[in-house]
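Data first, discussion second: the structure below is written as structure tokens.
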Protein chains: 2
Amino acid sequence: MHCGEMGSRWGFNRTVGQMYGLLIIHEDALSAMQISEALNISRGNVSMGIKELQSWRLVQVQHKPKDRKEYYSPAGSIWEMATRVFEERRKREVDPTLSLLRDNLLDEPANQKEVFAQKQMHEIHDLLETVTHWAGELQSMSPDNLNTLMKLGSGISKVISLKDKLINKG
Amino acid sequence: MHCGEMGSRWGFNRTVGQMYGLLIIHEDALSAMQISEALNISRGNVSMGIKELQSWRLVQVQHKPKDRKEYYSPAGSIWEMATRVFEERRKREVDPTLSLLRDNLLDEPANQKEVFAQKQMHEIHDLLETVTHWAGELQSMSPDNLNTLMKLGSGISKVISLKDKLINKG
DNA sequence: CTGAAGTTTCAGTAATTTCTGAAAGTTTAA
DNA sequence: TTAAACTTTCAGAAATTACTGAAACTTCAG
């Protein structure tokens, strides 16, 4: 049961984390009432938690025949869960920062201090943009390719320099 | 000035974020008193914020000759700042999860439900471990290599399949 | 030593976030 | 329609987190 604890470290709050943990370790879908009883939280809180998890695209709703209740279960594989959390966090944490920086860079610097400030902001902006773009590219790769890449680890630099040599020869 | 706002989205709280933002856009180091005045926060709060930023290895202390005050400035380049935030967040968010999962996987499953639960935890564990390991490898690469890699983007799969062909031929 | 100039700590307060439960809303079988 | 069975909403309470400011601590020049 303490498995739910770890949820609080990720983007959402304690109970939302617990709810998601609960859904993941249960093979079959759970009703809102079951969740509320298992975790000892109010029915209303479950409803809000589910909404939150849905906004992260992490749970899906199922219906059982002859039963009006809604049953919830994790949406997608563990792999998909990871990419979704990653993507949503990027949207919430990086994207607003990027657009704020962009706005600031449009202003004309009024003095020496602002020139420096903009230089710094520019660097942060470029870095975030490169990383964001790369993250997008990685997500577009097949899990298999991505796995190969990760297993290669830093060995990737050898492969890249190999490629460079081939190109230079050709 | 609203530049400080964005700080609240990253791992630390609003004022700590503001403090760090302030230090980044200022070319010269600032004293605790200057920070407290610029952001309109108490002297004690600045002290706690600095401590927090130091725990993230993001600020350094300087001393000016003929002056007993401590002056603070960002530690390292923008690039280093990014890798540090990334690394520290991993330590705080991923590592405890990993060790919790490891502990759980040592227990013998008592019934069918626990078998499933462990299967899920195992998957999460392996995924986090692979990603953590990869992140470490990336950090050990030179910024230059890393940049080449990022610029390649998903084109990397072509390079990898090229490598495979070469190996199969040889 | 002494005390001036600084920093840190921490109890209490303020602000923010999360949770509850009752009321309002929705859906559907009859 | 109606009403039972469920879900959602949201105002206020509870819990958590962040901030203040005064006291304690540290350092160092004289």
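Below, all heavy atoms of this structure are taken into account, side chains as well, without hydrogens, waters or symmetry copies. Keep in mind that what you see is a predicted model, and the values were worked out from it rather than measured.
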Is the number of heavy atoms from other residues, nucleotides or ligands under 6.0 Å of [X] [atom1] greater than 12?
| X | atom1 | value |
| --- | --- | --- |
| A/His122 | NE2 | no |
| A/Lys51 | NZ | no |
| A/Tyr71 | OH | yes |
| A/His63 | NE2 | yes |

At 4.0 Å (heavy atoms only), tell me whether B/Asn45 reaches a base, stays on the sugar-phosphate, or touches nothing. base
Base, sugar-phosphate alone, or nothing: which one does A/Met33 contact when heavy atoms must sit under 4.0 Å apart? nothing
Separation of atom [atom1] in [X] from atom [atom2] in [N], rounded to whole Å:
| X | N | atom1 | atom2 | result |
| --- | --- | --- | --- | --- |
| B/Glu52 | C/dT9 | CD | P | 13 Å |
| B/Arg43 | C/dC10 | CZ | P | 16 Å |
| B/Met48 | C/dT9 | CE | P | 10 Å |
| A/Lys66 | C/dA29 | NZ | C1' | 10 Å |
| A/Phe12 | C/dT17 | CZ | C1' | 17 Å |
| A/Arg68 | C/dG25 | CZ | C1' | 14 Å |
| B/His63 | C/dA5 | NE2 | P | 18 Å |
| A/Lys51 | C/dT18 | NZ | P | 14 Å |

Can you give me the first and the last nucleotide of DNA chain D (5' to 3') that has an atom within less than 4.0 angstrom of a non-hydrogen atom in chain A? D/dA4 to D/dC10
Establish, from distance only, whether the side-chain atoms of B/Asn13 and B/Thr15 form a donor-acceptor pair under 3.5 Å. yes
When you check the side-chain N and O atoms of A/Ser31 and A/Glu70, is any donor under 3.5 Å from an acceptor? no
Regarding the side chain of B/Lys69, the nearest nucleotide among C/dG6, C/dT20, C/dA29 is C/dG6
For A/Ile41 and B/Ile50, find the nucleotide of DNA chain C closest to each by heavy atoms; which residue's nucleotide sits nearer the 5' end? B/Ile50
With side chains defined as the heavy atoms from C-beta onward, is the minimum distance between A/His26 and A/Asp28 less than 4.5 Å? yes
